[in-house]
Number of protein chains: 2
Amino acid sequence: MSGVATEVIPPQLQLDSQLCFPLYAASRMITRLYQDKLGPLGLTYPQYIVMMVLWESAPCAVKTVSARTLLNTNTLTPLLKRLEQQGLISRQRDSVDERVVVLHLTDAGRSLRDECECIPSALLNKVVAEEDDLLQLKQLLGRLLPALKAGLEED
Amino acid sequence: MSGVATEVIPPQLQLDSQLCFPLYAASRMITRLYQDKLGPLGLTYPQYIVMMVLWESAPCAVKTVSARTLLNTNTLTPLLKRLEQQGLISRQRDSVDERVVVLHLTDAGRSLRDECECIPSALLNKVVAEEDDLLQLKQLLGRLLPALKAGLEED
DNA sequence: ATATATTATATCGTGCACGATATAGTTGTG
DNA sequence: CACAACTATATCGTGCACGATATAATATAT
């Protein structure tokens with residue numbers, strides 16, 4: 001007998017009974033898996049997420065990237081400056097509305113996309129999981145995200 | 001025509017077709033939701049995760065917390081020092097094996113558990129989602145996590 | 001036209017995450 | 001016993017995340 005825990009842990013507070021923890025852990029592990037592939041290309045995982053938005057939407061404002069990634073400018077501004085220093089994007093104030101910073105892809109930024117194209121499938125091969133599970137997971141998260149957003153926005 | 005994107009984005013690189021992004025976003029949003037409840041108690045979300053492990057397993061070694069949370073000592077050591085400074089835990093070298101740091105809960109650390117008990121259900125109320133979806137999500141992540149761990153451990 | 005509010009971005013401070021490396025203690029082997 | 005291999009924890013450096021706050025530009029309302 002360890003002298004301490006004859007007391008029972010309420011089930012709400014057991015790590016295994018919580019949804020939040022596996023989500024947190026899985027997210028970190030996936031980030032690490034991506035990092036293995038992204039590191040050689042000089043990208044971090046959040047930078048990769050931002051580049052995906054830019055490959056879809058550039059030229060666009062910081063605000064667009066913010067809305068899409070759900071990251072604020074206190075995260076994005078320094079991240080975008082690093083992408084600029086790496087020569088992947090350019091940042092210029094919009095001459096019409098001087099509040100807006102417009103993000104453009106450079107040639108290097110555009111061509112980086114080709115090198116990233118193989119990454120998702122390479123990771124799928126590495127993580128052996130039922131394809132069905134992954135599809136279902138995506139659908140569930142797709143439904144959960146709006147609920148989470150709503151939960152955050154109410155006061 | 002915007003002059004740029006007549007080119008087609010390969011579907012693997014569209015944010016919406018990826019599993020990784022919603023996982024990353026959902027994890028961050030849940031962290032923020034928890035933070036709203038945890039802040040008043042003086043805890044961060046990762047600290048709360050660690051405390052949950054300790055409520056289950058203390059007294060135990062740092063290694064135990066590491067195995068359970070999948071966090072390394074470069075994250076845990078400073079986090080545990082902060083918990084110690086807040087008077088929630090104590091850290092002492094094991095006299096039998098001096099490499100091991102044993103973590104004990106203080107009275108304050110133990111009683112904090114009662115204050116955290118209501119948090120998970122409070123958040124469930126705030127995030128309006130099908131109970132079924134959440135259960136399914138947990139099961140899917142439970143299957144995915146071992147696959148991710150395996151993917152990370154192979155070279 | 002002039003306050004006033006709103007918007008877009010930036011800055012600051014704190015605390016994760018994590019790769020890389022270090023260090024001290026322990027165990028195993030010849 | 002010596003010495004290599006292993007283990008548990010710590011340290012360092014970089015880059016997120018994010019709450020709080022600041023600032024400048026634009027829009028709105030008197």
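Atoms considered below: every heavy atom in the structure, side chains included; atoms not considered: hydrogens, waters and symmetry mates. Below, chains carry the letters A, B, ... as their sequence lines are ordered, and counting in each starts from 1.
In this model, a side-chain donor or acceptor of A:N74 finds a partner on the base of D:dG19 within 3.5 Å. Looking at A:T73, its side chain has no donor and acceptor atom pair within 3.5 Å of the base of C:dA8. Remark: the B:R99 side chain and the D:dT9 base include no donor-acceptor N/O pair separated by less than 3.5 Å.
Scanning residues 84-95 of chain B for heavy-atom distances under 4.0 Å to DNA chain D yields B:R91, B:R93. Contacts of residues 40-47 of chain A with DNA chain D (heavy atom under 4.0 Å): A:T44, A:P46, A:Q47.
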List the steps and the verdict of side chain to side chain contact (heavy atoms under 4.5 Å, CB included) for A:V101 and A:Q92. CA-CA 5 Å; A:V101 169; A:Q92 317 159 33; over 6 Å; no
For the pair B:W55 and B:L112, evaluate side chain to side chain contact (heavy atoms under 4.5 Å, CB included) and give the outcome as yes or no after the intermediate values. CA-CA 10 Å; B:W55 289 325; B:L112 185 62; 4.3 Å; yes
Could you check B:R91 against B:E84 for salt bridge (Lys or Arg N to Asp or Glu O under 4.0 Å), going step by step and ending with a plain yes or no? CA-CA 7 Å; B:R91 299 158 65 242; B:E84 187 181 35; 3.2 Å; yes
Apply side chain to side chain contact (heavy atoms under 4.5 Å, CB included) to residues A:Q47 and A:T44 and explain how you reach the verdict. CA-CA 5 Å; A:Q47 286 169 10; A:T44 67; 3.1 Å; yes
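In this structure, B:L70 and B:A67 approach most closely via the heavy-atom pair CD2-O, 3.5 Å. Residues B:R68 and B:V53 come closest through the heavy atom pair CG-CG2, 3.8 Å. In plain terms, the two heavy atoms of B:A147 and A:V127 that are nearest each other are CB-CG1, 3.8 Å.
Within a 6.0 Å sphere centred on CG of B:D132, heavy atoms belonging to other residues, nucleotides or ligands number 12 at most.
Within the 4.0 Å cut-off from OP1 or OP2 of D:dA17, not a single side-chain nitrogen or oxygen of A:T75 is found. Residue B:K81 has a polar side-chain atom (N or O) positioned under 4.0 Å from OP1 or OP2 of D:dT11. OP1 and OP2 of D:dA17 both lie 4.0 Å or more from every side-chain N or O belonging to B:R32.
Computed from coordinates, the B:L38 CG to C:dC16 C1' distance equals 14 Å when rounded to whole Å. In this structure, B:L71 atom CG and C:dG19 atom C1' are separated by 15 Å, rounded to whole Å. Atom CZ of A:R82 is separated from atom C1' of D:dG13 by 13 Å (rounded to the nearest Å). Spacing between atom CD1 of A:I49 and atom P of D:dC16 amounts to 12 Å, rounded to whole angstrom units. Distance OH (A:Y34) to C1' (C:dC18): 19 Å, rounded to an integer number of Å. Atom-to-atom, OH of B:Y24 to P of D:dC18 comes out at 8 Å; the value is rounded to the nearest Å. In this structure, the NZ atom of A:K37 is 15 Å from the P atom of C:dG19, given to the nearest Å. In this structure, the CG atom of B:D97 is 20 Å from the P atom of C:dT23, given to the nearest Å.
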Under 3.5 Å, which donor-acceptor pairs do the side chains of residues 29-41 of chain B form with other protein atoms, sequence neighbours left out?
from: B:T31; atom 1: OG1; to: B:S27; atom 2: O; distance (Å): 2.9
from: B:Y34; atom 1: OH; to: A:Q18; atom 2: OE1; distance (Å): 3.2
from: B:Q35; atom 1: OE1; to: B:Y45; atom 2: N; distance (Å): 3.0

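Nearest-nucleotide positions on DNA chain D place A:L70 closer to the 5' end than the other of A:E98 and A:L70. DNA chain C is contacted by both B:V96 and A:K63; A:K63 maps to the nucleotide lying nearer its 5′ end (nearest heavy atom per residue). Taking for each of A:V100 and A:Q35 the nucleotide of DNA chain C with the nearest heavy atom, the 5'-most of the two is the partner of A:V100.
With hydrogens and angles disregarded, no donor-acceptor distance shorter than 3.5 Å links the side chain of A:S66 to the backbone of A:N72.
A:L79 comes within 4.0 angstrom of the backbone, heavy atoms only, and of no base.
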